[in-house]
Colleague: 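What follows is a single structure, and I will ask about it in a moment.
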Amino acid sequence: MQSQRTAVKVLIIGAGPSGLFLAAKLTQFGIPFRIIDKHPGPSSHSKALVVDARSLELFETLGIARDIVDNGKVIKGTQVFTSGRFRGTIPIAPTNPHITPYPYLVLIEQYKIEELLSKFLENSDQHVNWNSELLDFAQDTQKVFGRIKMGNDEIYEIESEWLVAADGSKSSIRHMLNLEFRGKTYSKPFFLADTEIDNNYSRDELLFGFSKHGFSGLFPLPNSENVYRVFGILHGPVSRLESLPIEQIEHSIQRNTHLPIKLSKLSMNEVYRVHKRIIDNYRHGRVFFIGDAAHTMSLLGGQAMNTGIQDAANLSWKLSLVTQKISPDSLLNTYSQERRVVLAREQKQLDTYIQALLADNTFKRLFRQSVSRILAEETSQRPWLQNKIFKEFSQLTTHYNQSDLTSEYKVKESFTRTSPKAGDRLPPLVLTECRTNQKISLASLLQGNFHHLFYLPAKKDWMEHLSELRILMKQYSNSISLHTVFADQGASSNEFKFYNDSTQEFYARCGVKSSAFILLRPDGYIAYRSKIDIPNLEEFLNKLFLS
């Protein structure tokens, strides 16, 4: 048995979607890292299935969103049945085309997402170290010291500045630190299976069926003719075996939906219980937790993966700025502050849904069926409700309004009341570069770890303010990119980034009514907005960046 020593900036434990996404962003930001996983290689199991609009926006910053859509199945509606009766289709697509460039859900097996992220890493000469397990670690105020066992029994002693636990709900790192995973496990067992269905159900929509006995869902798997992911409340004996009898799954679906659904050729099935758990703090010294290692809350086979990707997006740019000594270490405290609040809020909502789905008494069962019927019958008739459901389900309403990283100054003078606030996601936009007439998307700007300061000169004194901004921006040339966006035809310059907003789309969707600043974070959320006041802007920047 040999021992070797190596050093790296960031050590990532776990090569699931959240760990791989973090690795991809660190690659994009130029931060050296190593990612390891104890498994012998990539998984071939479907696992999580649903990718939402917010995750697709984040994947677009890596340039792989279109690959995910092309390899998956676009879903824009959900059929609803109660007691075997069709009640209608809940549209998933929003009626407002400006909400997102991805107005749908994508069904794609988790392993395919992992393949695309791994390919992104390989194209940058990065790779996952499989068959590698973190045995133990210690940390001080400057470094993390770990021991990694390879498949050939070699032991690596690895030194890193930061350690990221992306090693799932049974996280070994969480156990090493003896951290509590607070929450609960719901009593009723669920089944999950990939199976062929003989009936002729829609391949373009999800299907949910409700009855007094429970509920079940059918999701069409991509690139197949009649294979579906089925899940729901399990009826009959709970087996600890890897495989349930196909008859028991079929009986459970029929009992839950009152539909004559016939199954054949199970390719995967399991029994599981829904958990709602979260750790108290996502940061412990120089160790961070993302994805299932920090929280677990999945019910329908997608929420946990999507929230884990958002964890990684939030942490990646902060690690990058601190590692490059552009921002203070305290910036990393906001990762737990922001993400834990979001997940606690989402878990509270999930708990409400699960309690309704698992209700046993007659009143709650009737209420469950009534709500599902009303949603199906009324949503398509009420665009505002359709948009609200889509944004909630797609995590587009996630915000960091109460974060220490957000600030506003005299916004009533420059912004409308309903405009996106500091801490909100900035809706995807496209600008036109004045000199070249080239279209620039928001996603293309977010491929680096720069903040983006949008100077919105609604008045004619823009050159005076721009001269002051130029002096200020010299202090932040390695961390902030300045963009001047004119409400109409603007000037052309080889020195400044000038953009036209001739359609008034940027000004309108940001609610700009007079000259203003908007500072956008690398993850697409607004950090700061204000009327034109350069001293106040400088005060905020001095808190965010090292001088």
Side-chain angles (χ1 to χ4, degrees), residues 44-50 73 75 77-90 105 107-111 185-275 298-302 353-354 356-360 364-366 368-369 372-373 376:
S44 60
H45 298 300
S46 55
K47 297 183 181 178
L49 190 64
V50 180
K73 187 171 188 60
I75 298 293
T78 299
Q79 294 185 11
V80 176
F81 291 79
T82 60
S83 298
R85 181 180 174 186
F86 178 63
R87 297 295 186 176
T89 298
I90 299 177
L105 299 177
L107 300 187
I108 180 172
E109 297 92 334
Q110 179 178 315
Y111 74 84
T185 299
Y186 296 90
S187 59
K188 288 191 176 181
F190 286 74
F191 68 86
L192 179 72
D194 291 347
T195 178
E196 292 186 8
I197 293 181
D198 296 337
N199 309 68
N200 186 25
Y201 290 106
S202 172
R203 297 285 303 164
D204 298 317
E205 297 170 320
L206 310 181
L207 184 153
F208 281 93
F210 302 87
S211 75
K212 65 179 181 180
H213 301 295
F215 84 101
S216 283
L218 279 67
F219 290 12
L221 289 184
N223 305 312
S224 65
E225 292 184 2
N226 61 343
V227 180
Y228 291 75
R229 164 71 54 82
V230 297
F231 59 90
I233 294 174
L234 179 67
H235 298 282
V238 178
S239 172
R240 293 186 177 274
L241 300 176
E242 291 185 1
S243 296
L244 286 168
I246 190 171
E247 295 81 9
Q248 186 177 2
I249 297 176
E250 185 177 272
H251 168 71
S252 296
I253 295 175
Q254 292 176 358
R255 187 173 173 82
N256 289 333
T257 64
H258 289 188
L259 294 172
I261 295 172
K262 298 291 185 180
L263 310 184
S264 62
K265 295 183 182 179
L266 288 175
S267 57
M268 178 279 291
N269 74 91
E270 63 182 50
V271 178
Y272 69 100
R273 296 184 189 275
V274 177
H275 304 277
S298 186
L299 172 65
L300 304 180
Y353 301 150
I354 293 177
L357 289 172
L358 302 184
D360 281 326
K364 289 184 177 180
R365 289 199 303 262
L366 291 173
R368 175 178 65 214
Q369 295 185 75
S372 61
R373 175 181 57 79

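Start at 1 with the first residue, then count along the sequence.
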Colleague: By the definition side chain to side chain contact (heavy atoms under 4.5 Å, CB included), identify the one residue from I233, I253, T82 that meets it with F215.
Modeller: I233
Colleague: For residues Y272 and F231, establish whether the separation of their ring centroids is below 6.0 Å.
Modeller: no
Colleague: Over all heavy atoms of both residues, which pair between S202 and Y228 is shortest? Give the atoms and the distance, please.
Modeller: O-OH, 3.4 Å
Colleague: Can you list the residues that meet the ring pair (Phe, Tyr, Trp, His ring centres under 6.0 Å) rule with F86, with sequence neighbours excluded?
Modeller: F81
Colleague: Please name all residues satisfying side chain to side chain donor-acceptor pair (under 3.5 Å) with T195, sequence neighbours left out, ordered by chain then number.
Modeller: none
Colleague: Can you check whether K265 reaches V227 side chain to side chain, under 4.5 Å on heavy atoms?
Modeller: no
Colleague: Are the side chains of I90 and F208 in contact, using a 4.5 Å heavy-atom criterion?
Modeller: no
Colleague: Taking all non-hydrogen atoms of both residues into account, name the closest pair between S252 and H235 and its distance.
Modeller: OG-N, 3.0 Å
Colleague: Roughly how far, to the nearest 0.5 Å, is CG of L105 from OG1 of T78?
Modeller: 7.5 Å
Colleague: Of all residues at least two apart in sequence or in a different chain, which pass the side-chain contact (heavy atoms from CB on, under 4.5 Å) check with H258?
Modeller: S83, S211, H213
Colleague: Quick one: side chain to side chain donor-acceptor pair (under 3.5 Å) partners of Y111, sequence neighbours excluded?
Modeller: none
Colleague: Distance from L107 atom CG to N223 atom CG, nearest 0.5 Å?
Modeller: 11.0 Å
Colleague: What's the separation between atom CD1 in I249 and atom CG in L266, rounded to the nearest 0.5 Å?
Modeller: 4.5 Å
Colleague: Look up atom CG in L206 and atom CZ in R229, then write down how far apart they are to the nearest 0.5 Å.
Modeller: 12.0 Å
Colleague: Between L234 and L244, does the side-chain contact (heavy atoms from CB on, under 4.5 Å) criterion hold? Intermediate values first, please.
Modeller: CA-CA 10 Å; L234 179 67; L244 286 168; 4.0 Å; yes
Colleague: Is F219 close to V50 at the side-chain level, that is, under 4.5 Å between some pair of heavy atoms?
Modeller: yes
Colleague: OG of S216 to CG of L259: how many Å apart, nearest 0.5 Å?
Modeller: 9.5 Å
Colleague: Check whether any side-chain N or O of D194 sits under 3.5 Å from a backbone N or O of S267 as a donor-acceptor pair, and report yes or no.
Modeller: no
Colleague: Quick one: do L49 and L221 satisfy side-chain contact (heavy atoms from CB on, under 4.5 Å)? Show the steps, please.
Modeller: CA-CA 8 Å; L49 190 64; L221 289 184; 3.5 Å; yes
Colleague: Under the side chain to side chain donor-acceptor pair (under 3.5 Å) rule, collect the residues that match up with E109, sequence neighbours excluded.
Modeller: K112
Colleague: Quick one: side-chain contact (heavy atoms from CB on, under 4.5 Å) partners of Q110, sequence neighbours excluded?
Modeller: P17, K47, A48, E114, M305
Colleague: Could you list the residues that satisfy side-chain contact (heavy atoms from CB on, under 4.5 Å) with T185, not counting sequence neighbours?
Modeller: R273, H275, R277
Colleague: With sequence neighbours left out, write down each residue that passes side chain to side chain donor-acceptor pair (under 3.5 Å) with R203, or none if nothing qualifies.
Modeller: S224
Colleague: Closest approach of N269 and A193, non-hydrogen atoms and distance?
Modeller: CB-CB, 3.6 Å
Colleague: What's the spacing between L218 CG and Q79 CD if we round to 0.5 Å?
Modeller: 10.0 Å
Colleague: Quick one: list whatever passes side-chain contact (heavy atoms from CB on, under 4.5 Å) with K262, sequence neighbours left out.
Modeller: D198, N199, E250, Q254
Colleague: Yes or no on side-chain contact (heavy atoms from CB on, under 4.5 Å) for V80 and F210, after CA distance, side-chain angles and deciding distance?
Modeller: CA-CA 8 Å; V80 176; F210 302 87; 4.2 Å; yes
